[in-house]
Amino acid sequence: MLLRTDFLLRDDVVFLNHGSFGACPRVILDEQRRWIDRLEHQPVLFFRQLTGLMRTAREAMADYIGARPEDLVFVTNSTFGVNVAAHAFGEMLTTGDEVLTTDHEYGACDRAWSQYCTAKGIRYIRAEIPFPAPHSDEIADIIWKKVTPLTKVLFVSHITSPTAIRLPIEELCKRARAGGIKTVIDGSHAPGHIPLDLSTLQADIYTANCHKWMCTPKGSAFLWITPELKNSIPPLVVSWGDVIPTHGDGAFVDEHEYLGTRDVSPFLTVPFAISWMKDQDWPSVQQNARYLASEAMKGLMSIPGIQAIRVNGQDPLLQMTTVLLPERTDTDHMKEWLYTEQAIEVVVHRWLGRPILRCSTHAHTSASDIERLVQAVQTYLQ
Ligand SMILES: Cc1ncc(COP(=O)(O)O)c(C=O)c1O
């Protein structure tokens, strides 16, 4: 069983914000260190060997998400992956075309789409998902109502960042595929958190972080593109491409994988992290974290004035849980108070004008962390 001491997290802070930047266990950081040392012992030899090493890492990643290694590349983070997609569609679409999204997207990615679309006269339309949010089927219908004959791309998160809602992407990808609309999924919160099988999803582009719920080092993420589309998507950074072909995995990998000299140790650590997750009996780690998230939900919901973010309560299957705080809450003050007075790191802010609290649970979370949070929130709001 994993313990908090398996991570580097400070023991004087109740850490309930895994969702923002993850947390990496010591053994995985040790593995990363081994890669860094190997590189620095003979950098030129290492970079000569790099294409084969990257292929091995992509094979493990692909196997974990139901994909083929030649259809994905490692990227530094999902902001980068989303930018590759938004830039490409900005080039491919024409004035008046529409990109449809939701108003629950992660700010940086939303901003990227907005900028690329505005530059090309493409309409960027945000379907409003009300909250408290309805059932998944209803969310799919709400989004779909905004589809027009001009809709060319649908960009949505698998799990939303501000509200921790699992969007019905299976249904949305199916409808989009049938309607000739390309889908770009921001799966930042999915790998290591919920099941992911790209072989059945029918998405066109899927990008996600490993450094959140898979607990890999910061700077490890992937960009997967369906074989029919991958060679139409140009890289954001033009490097050697197929002038120096990498490993016979085709132009997509050649163009997107080698982006000049950079730290590749987070990518190379992924196979170790995947087998470490297996060794930890990951389903039981997840089950325990989901239980703690549901305890947090139960405790917070018992505090007068706090409301659920879903009409029928929170999605019980996630390790992130969000609640609406009383309208009068000064969120900046509350966040500061929780950290300085109670040593609790948790997301508290106003989002779309509503005061929200988002709590994340993972292998390092304990029942006493949740009790401390509930107690502190109760004290603050009374
Ligand atoms: C839904 C979502 N998308 C994208 C990101 C950006 O992740 P990164 O900073 O690793 O690019 C986040 C980060 O929290 C997120 O929650």
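Each residue takes its place number in the sequence, starting with 1. Both counts, for ligands and for their atoms, begin at 1 and track the order of listing. Scope of the values below: all heavy atoms of this structure, side chains included, with no hydrogens, waters or symmetry mates.
Side-chain N or O atoms of Trp35 include one that pairs as donor or acceptor with a backbone N or O of Leu268 at under 3.5 Å.
For the pair Asp332 and Arg350, the salt-bridge criterion is not met [side-chain N within less than 4.0 Å of a carboxylate O].
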Write 'none' if nothing qualifies; otherwise put on separate lines each N/O atom of ligand 1 with a protein N/O atom under 3.5 Å away and their distance to 0.1 Å.
from, atom 1, to, atom 2, distance (Å)
ligand 1, 3 (N), Asp186, OD1, 3.3
ligand 1, 3 (N), Asp186, OD2, 2.5
ligand 1, 3 (N), Ser188, OG, 3.0
ligand 1, 7 (O), Asn209, ND2, 3.2
ligand 1, 10 (O), Asn209, OD1, 3.4
ligand 1, 10 (O), Asn209, ND2, 3.0
ligand 1, 10 (O), His211, NE2, 2.9
ligand 1, 11 (O), Asn77, OD1, 3.4
ligand 1, 11 (O), Ser78, N, 3.4
ligand 1, 11 (O), Thr79, N, 2.9
ligand 1, 11 (O), Thr79, OG1, 2.5
ligand 1, 14 (O), Lys212, NZ, 2.7
ligand 1, 16 (O), Ser161, OG, 3.2
ligand 1, 16 (O), His189, NE2, 2.6

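Here Leu9 sits in one hydrophobic cluster together with Phe7, Phe15; the rule is ILVMFWY side chains under 4.5 Å apart, joined directly or through other members.
Applying the 6.0 Å contact sphere to CD of Glu59 captures more than 12 heavy atoms from other residues, nucleotides or ligands.
If you take OG on Ser188 and NE2 on His158, they are separated by 11.5 Å, rounding to the nearest 0.5 Å. Considering CG of Leu167 and CD1 of Ile185, their distance stands at 8.5 Å, rounded to 0.5 Å.
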